There are 2 protein chains.
Amino acid sequence: MTDETRYQLLRRLATNPDTNQRQLAAELGISLGKLNYCLQALISKGWVKAGNFSRSSNKKGYAYMLTPSGIEAKARLTIAFLHRKVAEYEQLHQEIETLRQEVHALQQKPAEGRQ
Amino acid sequence: MTDETRYQLLRRLATNPDTNQRQLAAELGISLGKLNYCLQALISKGWVKAGNFSRSSNKKGYAYMLTPSGIEAKARLTIAFLHRKVAEYEQLHQEIETLRQEVHALQQKPAEGRQ
DNA sequence: GCGTGACGGTTCAGCGGATGAACAATACGC
DNA sequence: GCGTATTGTTCATCCGCTGAACCGTCACGC
């Protein structure tokens, strides 16, 4: 759904290709159903391939590995995300400044509305 | 619903008590139904009073004014929000630092995965 | 081999918040 | 009065998310 989720998922898979869906869902703080949905989306985009060979010791389940185009996509998303986050950061700075002024104003006239 | 919404609404009403619900909803970026719901919640908490006297030139609709306890509540929420936002700010700083490092790493080995 | 238990992927009925069209109420101009 | 415009209120509908249930598969013990 969100591309925040997509990005986080790609990020996770890049470092940890052999994690099961339940654990991935828990780590990203989303439901199993949603994770499965996102994963299928990444796979159908050709960014992730589900190799059905071994998960380390245990032979069950898939290993979800980024394809070359998945790696490129992750790079693009990383940069896009950096920019977005910096913008958020600056806006948050603004909001905080405004809030600080409001709090300051409150402390100037602390008795207003009390009894 | 969210107390972000509640706070924003109190904030708006404190400065602009005579705005109709449709416009309030548009300004907060939420639907009319949700705004109405939130407003009723504030009213039933006793934080806002809907005086049915004049909106400036036009006599229709209500003027939604903060009660004394509404003013107090707004002060509390303002402070709580400041703290929350500062925490978000710091976490965002962290995330950005991580993203910067990732981007840097990408630029060190830019040919990976290309052909 | 067969049975069984455990694990992992997939599905989907159900939930809950959000939406905004439609309705009700009120004020105004005529 | 009547029609119109403006505003508050409701509620059927939508839509994404959830997680329990389901199914397939593998590993182990026999």
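Every heavy atom of this structure was used, including side-chain atoms; hydrogens, water molecules and symmetry mates were not. All values reported here derive from a predicted model rather than from experimental measurement.
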[X] has an atom [atom1]; how far is it from atom [atom2] of [N], in whole Å?
{"X": "B:N20", "N": "C:dT26", "atom1": "CG", "atom2": "C1'", "value": "14 Å"}
{"X": "A:Q40", "N": "C:dC12", "atom1": "CD", "atom2": "P", "value": "13 Å"}
{"X": "A:Q21", "N": "D:dA21", "atom1": "CD", "atom2": "P", "value": "19 Å"}
{"X": "A:R22", "N": "C:dA6", "atom1": "CZ", "atom2": "P", "value": "14 Å"}
{"X": "A:L35", "N": "D:dG19", "atom1": "CG", "atom2": "C1'", "value": "13 Å"}
{"X": "A:L24", "N": "C:dT10", "atom1": "CG", "atom2": "C1'", "value": "15 Å"}
{"X": "B:D18", "N": "D:dT7", "atom1": "CG", "atom2": "P", "value": "11 Å"}

Phosphate oxygens OP1/OP2 of C:dG9: is one of them under 4.0 Å from a side-chain N or O of A:Y64? yes
OP1 or OP2 of C:dG9 versus the side-chain N and O atoms of A:N36: is any pair under 4.0 Å? no
Any side-chain to backbone donor/acceptor pair from B:T78 onto A:L99? Under 3.5 Å, distance only. no
Indicate yes or no for a side-chain donor-acceptor contact from A:N16 to the backbone of A:D18 under 3.5 Å, with no hydrogens or angles considered. no
Any donor-acceptor pair under 3.5 Å linking the side-chain atoms of B:E95 with those of B:Q91? yes
Are A:Q101 and A:E97 linked by a side-chain donor-acceptor pair shorter than 3.5 Å? no
In a table with atom names and distances, give each donor-acceptor pair under 3.5 Å that connects a side chain of residues 26-38 of chain B to protein atoms at least two apart or in another chain.
from  : atom 1 : to    : atom 2 : distance (Å)
B:E27 : OE1    : B:R12 : NE     : 2.6
B:E27 : OE1    : B:R12 : NH2    : 3.4
B:E27 : OE2    : B:Q23 : NE2    : 3.3
B:S31 : OG     : B:K34 : N      : 3.2
B:N36 : ND2    : B:Q21 : OE1    : 2.9

Below 3.5 Å between N/O atoms, which protein atoms pair up with nucleotides 15-18 of chain D? Just atom names and distances, please.
from   : atom 1 : to    : atom 2 : distance (Å)
D:dC17 : OP1    : A:K34 : NZ     : 3.2
D:dT18 : OP2    : A:S31 : N      : 3.0
D:dT18 : OP2    : A:S31 : OG     : 2.9

Taking only residues two or more places apart in sequence, or in another chain, which ones meet A:A73 in a side-chain contact (heavy atoms from CB on, under 4.5 Å)? A:W47, A:R76
